[in-house]
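The structure appears right after this line, and notes come after that.
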Number of protein chains: 2
Amino acid sequence: MPIAPLFRPIDVAPAYQKVADAIEREIVNGRIKPGDPIGTEHDLVRQFGVNRSTIREGIRVLEEGGLIRRDSSRRLHACLPRYSKLASRLSRALVLHEVTFRELYEASMTLEVASIEGAVERASEENVAELTDNLARSGAVVGDPARLAECDAEFHVLVAKASQNRVLQLAREPAAQLFYPTTEMIVTGVAEGGPRLVAAHRHLIDAIRRRDREAGVLWTRRHLQDWRRGFEKIASLDRSVEHMYMEHAQAARRR
Amino acid sequence: MPIAPLFRPIDVAPAYQKVADAIEREIVNGRIKPGDPIGTEHDLVRQFGVNRSTIREGIRVLEEGGLIRRDSSRRLHACLPRYSKLASRLSRALVLHEVTFRELYEASMTLEVASIEGAVERASEENVAELTDNLARSGAVVGDPARLAECDAEFHVLVAKASQNRVLQLAREPAAQLFYPTTEMIVTGVAEGGPRLVAAHRHLIDAIRRRDREAGVLWTRRHLQDWRRGFEKIASLDRSVEHMYMEHAQAARRR
DNA sequence: ACCTCTAACTTTGTCGGACAAAGGGACAGA
DNA sequence: TCTGTCCCTTTGTCCGACAAAGTTAGAGGT
């Protein structure tokens, strides 16, 4: 017969964790605002009354979480976590969980369509300008798959940005980080891929400008279906995302 | 005239970062599989030829990233990053970026609809059983807002799980973590809220069982619109997500 | 008074060694 | 089989130290 639970487990966190939690609390509840300096390590030693090694372990935790950074002179200050950095954590997780391209495709279809809908509804002049600029640059590198894939990734980030919905922006990022690197392979493998891609972007900008939701959704779908057809010429949609992607991500994360 | 770039910037990362990167690489590219033990700190000291403090800082980084854990006996081993832990990082970021409930609502509408579509299409017997079990428990606590809100959150996690799409599962989580805590307030404030919530869940399970996509989408929309109506009785959709949510998240993350 | 250069001073990254507390294993005794 | 004990290992924390890089203040020239 199991004994009745009389006591709750007591919360005994190691000191470095308590340090990290304490600083996190101050940042998250707004007492320390993004940009504000945290003290030097020595300051923190004094304030928390623990050894510098302990402080440093706590700092690593917060740094990895994106809550604090060291500026050019290596001093600590609070900062707003950057989406792309967080997203690369998620991408890494998706790789480890061995998600398939089918899952990626399905999720992206949803997320990119939602992005374009938001963009059509709320894109600002500036958003459109950025997109137009991107289109021009894409047109210039249509023969260079690597460069073009980069532009494509940026284009969709800009569309998400134009949706003015940061939750959507963040939600689509992990999938996108895994999704768009394949664009290079596809554009390389399929001759008419580059021009079709640029044409789709042109139609999308047009749809945003005319606030034509139907057209936006239609061209986003086509654009993704193009990707899919291209991909299926190379590999099965049921293949899991490859490990090699992570090299990309690791390099990107450090920036 | 700018000089031609003769040298690439050399990679001068601090030692603890290199340690973390090296271990991460081995995990991500699969040479160390989830569950495999990493050596003891002393082992790593020997292998990397750096001081234990340096090793420990590297370990903190990986631990925070969810790539390694310490088991009950505090020994290190690799593990699959847990979605909920990663998602709470994102939720935290969304709070700091002061996203509005409108953004949350819009994104959730997209993501939850996509989840139900996937669930209708691919839910297994077991998924349905889990959902049914959840429904029963919800019915039992319909008068207890806190408990009911918990069930509601779990219900939607289960729907996402039933979609068999892990990308979607991950993408919806951050928004959900911020979204569903409000359910408690709403159910408390609106008398008919609890029963309506449970009824919606029942219809959703029904739709999944009958593989009736239309019904699934319809009831998900209604369910979310109910939330919205309830929320707007309390506050404006344009209010930014409150800092207080994070207390939830911090506690949850440590588990 | 303004600019530049140098000489302290501070801070970070890393190192070596130290110790208490907790866990794991082996072993003896009930 | 269960329990208690001894020993060894591992972790969490501390202390003190030092080189490299950054910062500050003051000396010196204009």
Side-chain angles (χ1 to χ4, degrees), chain A residues 1-3 7-24 27 32 35-79 250 253-255, chain B residues 7 9-24 27 32 35-79 250 253-255:
Chain A
M1 170 183 156
I3 54 168
F7 300 112
R8 300 265 107 233
I10 32 182
D11 179 24
V12 24
Y16 69 87
Q17 185 71 48
K18 288 186 174 173
V19 168
D21 284 352
I23 299 176
E24 169 178 344
I27 294 176
I32 300 177
D36 287 358
I38 317 288
T40 66
E41 295 180 3
H42 192 56
D43 290 338
L44 296 174
V45 166
R46 267 198 305 267
Q47 293 182 56
F48 286 103
V50 298
N51 192 273
R52 190 155 77 98
S53 311
T54 306
I55 294 290
R56 282 175 65 82
E57 289 189 37
I59 287 174
R60 291 298 155 249
V61 172
L62 295 173
E63 225 173 15
E64 178 68 6
L67 278 178
I68 68 179
R69 303 185 62 166
R70 313 196 92 111
D71 60 19
S72 61
S73 77
R74 291 181 177 164
R75 261 191 257 285
L76 293 169
H77 47 116
C79 67
Q250 194 175 45
R253 197 161 53 250
R254 214 159 18 241
R255 271 176 231 139
Chain B
F7 300 112
I10 34 183
D11 184 20
V12 291
Y16 69 87
Q17 185 71 50
K18 287 187 175 173
V19 167
D21 285 351
I23 298 177
E24 169 179 342
I27 294 176
I32 301 177
D36 287 358
I38 316 291
T40 66
E41 295 180 2
H42 192 55
D43 290 338
L44 296 175
V45 166
R46 267 197 305 268
Q47 293 182 55
F48 286 102
V50 297
N51 192 271
R52 190 156 77 97
S53 311
T54 306
I55 294 288
R56 283 176 65 81
E57 290 189 37
I59 287 175
R60 290 300 155 247
V61 171
L62 294 172
E63 224 173 15
E64 177 69 5
L67 278 177
I68 69 180
R69 304 184 60 165
R70 314 196 90 112
D71 62 17
S72 64
S73 78
R74 293 181 174 162
R75 263 191 257 287
L76 292 169
H77 44 164
C79 67
Q250 195 175 45
R253 197 159 54 250
R254 208 151 30 234
R255 270 176 234 138

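Below, all heavy atoms of this structure are taken into account, side chains as well, without hydrogens, waters or symmetry copies. Below, chain A is the first sequence line, B the second, and so on; all start at residue 1.
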### Task
Examine D:dT10: is either OP1 or OP2 under 4.0 Å from a nitrogen or oxygen in the side chain of B:S73? Give yes or no.
no
### Task
Describe, as an angle rounded to 10 degrees, how the axis at the first end of the helix from C:dA1-D:dT30 to C:dA30-D:dT1 is tilted relative to the axis at the last end, five pairs per end.
10°
### Message
Once rounded to the nearest 0.5 Å, what's the spacing between atom CZ of B:R52 and atom CZ of B:R56?
### Response
5.5 Å
### Message
For C:dT11 and A:R70 - does any side-chain N or O of the residue sit under 4.0 Å from the phosphate oxygens OP1/OP2?
### Response
no
### Query
Does a salt bridge link A:R60 with A:E57, judged by any charged N lying under 4.0 Å from a carboxylate O?
no
### Message
What's the closest nucleotide to the side chain of A:R60 if the choices are C:dT14, C:dG13, D:dT11?
### Response
C:dG13
### Task
Whole angstrom is fine here: how far is it from CZ in B:R75 over to C1' in D:dG12?
15 Å
#### Entry: Side-chain-base donor-acceptor pair under 3.5 Å for B:R52 and D:dT11
no
### Task
Look only at the side chain of A:D21 and the backbone of A:K18, and say whether a donor-acceptor pair between them is shorter than 3.5 Å.
no
### Query
Distance check: side-chain N/O of B:R56 vs OP1/OP2 of D:dG12, anything under 4.0 Å?
yes
### Query
Hey, is the side chain of A:N51 poking within less than 4.0 Å of OP1 or OP2 on D:dT13, counting only N and O atoms?
no
### Task
Using atom CG of A:L76 as one end and atom P of D:dT23 as the other, report the distance to the nearest whole Å.
14 Å
### Message
Suppose we call a contact any N or O donor and acceptor under 3.5 Å apart; does that hold for the side chain of A:R74 and the base of D:dT23?
### Response
no
#### Entry: Integer-rounded Å distance: C:dT12 C1' and A:D71 CG
12 Å
